[in-house]
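Residue numbering restarts at 1 for every chain, and letters A, B, ... go by the order of the sequence lines.
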Number of protein chains: 2
Amino acid sequence: MKLTTRFRYGTRAVLDLAIHAAERPVSLKDIAQRQGISRKYLETLFSTLQSSGIVRAVRGPRGGYRLTRKPEDISLRRLYEVLEGSGPLVDCTADPDICLRSASCVTQQVWEEMYNLCIGYLDSISIQELINRS
Amino acid sequence: MKLTTRFRYGTRAVLDLAIHAAERPVSLKDIAQRQGISRKYLETLFSTLQSSGIVRAVRGPRGGYRLTRKPEDISLRRLYEVLEGSGPLVDCTADPDICLRSASCVTQQVWEEMYNLCIGYLDSISIQELINRS
DNA sequence: TTAATTCCTATTAATTAAATAGAAATTATT
DNA sequence: AATAATTTCTATTTAATTAATAGGAATTAA
């Protein structure tokens with residue numbers, strides 16, 4: 001059970017954007033340099049972030065990205081759902097029909113509860129909270 | 001972030017063993033049939049479980065496996081550590097040197113806390129607890 | 001002696017994530 | 001109008017890991 005690079009890098013990138021966004025949009029080139037993440041990889045992440053409504057692009061010279069809302073309104077839960085994209089810890093939680101045993105499976109309940117714990121925790125942490133800690 | 005098949009199947013197999021272990025050891029053939037898991041796959045899991053001291057094999061006809069301790073003394077945390085084997089949610093938690101940013105990384109703290117939540121939860125659930133629920 | 005089992009060592013297959021590539025579209029600036 | 005800095009799009013490649021299988025050796029109860 002590991003977090004994906006997508007989610008980890010994405011979180012750092014959004015945090016970086018939140019910290020550096022003043023009057024100008026922030027380019028991926030700058031984020032890439034500061035965070036040590038390849039610009040090309042960030043492109044794929046920000047494509048997802050934009051279509052999820054978390055950031056908005058400004059194209060052309062001096063362009064880049066802006067957050068669409070305040071850092072306190074962006075939870076890690078949202079970033080997890082958008083970037084990690086894998087859903088619950090086990091597939092049978094989301095779709096019980098994939099396993100004949102779902103109805104009577106006590107382990108499924110446990111994995112679901114564990115997932116709820118994780119999601120609840122991520123929901124309690126916002127990008128603003130990360131800014132405060134840094 | 002998904003749980004591995006190793007851990008999920010392993011947990012179900014140990015639970016099955018705990019439920020069916022009476023005077024005789026339980027063979028992998030029986031567990032495989034009841035749980036719908038290939039015997040060959042169970043062999044690899046039980047090899048790990050035995051070397052971790054959770055089960056003990058009895059070879060030969062009428063052989064199989066027994067638990068080495070009571071179901072209430074086997075936590076899912078232990079099974080996770082033995083079967084999942086992947087450690088923390090991110091590698092930098094275990095070994096900060098793999099990332100230059102570790103010292104000042106606020107996300108690392110968050111991933112670590114999230115991991116602690118998961119492990120704490122798994123620690124609170126024993127095989128006996130699963131038996132009670134089933 | 002036989003048959004049922006675990007044990008050992010590989011190997012293969014499948015899946016997913018990670019990373020890169022290159023060219024097109026957009027637009028501020030000069 | 002030209003240039004350069006950026007995002008956008010689509011595809012591909014690489015790497016890593018997990019999942020699953022295979023076959024025969026060792027063990028031992030009956």
In terms of hydrophobic clustering (I, L, V, M, F, W, Y; side-chain heavy atoms under 4.5 Å; direct or indirect links), are A/L83 and B/V106 co-clustered? yes
OP1 or OP2 of C/dC7 versus the side-chain N and O atoms of B/S47: is any pair under 4.0 Å? no
Taking 4.0 Å as the cut-off, does a side-chain nitrogen or oxygen of A/Y41 come that near to OP1 or OP2 on C/dA21? no
Cut-off 3.5 Å, side chains only: do B/E72 and B/S126 have a donor facing an acceptor? no
Checking all strands, does B/F46 fall into the base, sugar-phosphate, or nothing category for heavy-atom contacts under 4.0 angstrom? nothing
Sugar-phosphate, base or nothing in reach of A/E43, heavy atoms under 4.0 Å: base
A/I37, A/L42, A/L45 screened by side chain to side chain contact (heavy atoms under 4.5 Å, CB included) with A/I31, the one that passes: A/L42
In this structure, how many angstroms lie between the [atom2] atom of [N] and the [atom1] atom of [X], rounded?
X     : N      : atom1 : atom2 : value
A/M1  : C/dA17 : CE    : P     : 15 Å
A/L28 : C/dT20 : CG    : P     : 15 Å
B/K40 : D/dG23 : NZ    : C1'   : 7 Å
B/K29 : C/dT6  : NZ    : C1'   : 14 Å
A/Q50 : C/dT26 : CD    : P     : 14 Å
B/R56 : C/dT6  : CZ    : P     : 14 Å
A/K2  : C/dA17 : NZ    : P     : 15 Å
B/L3  : D/dA19 : CG    : C1'   : 15 Å

Winner on side-chain proximity to A/A57, out of D/dT8, D/dA19, C/dT27, is D/dT8
Nearest to side-chain heavy atoms of A/R62, which nucleotide of C/dA3, C/dT6, C/dT29: C/dT29
Of B/V58 and B/E84, whose closest DNA chain D nucleotide lies nearer the 5' terminus? B/E84
Taking for A/S38 and for A/R59 the nucleotide of DNA chain C with the nearest heavy atom, the one nearer the 5' end belongs to A/S38
Over 12 non-hydrogen atoms of neighbours within 6.0 angstrom of CG in A/L100: no
Cation over ring, B/R12 on B/Y9, under 6.0 Å and within 45°? yes
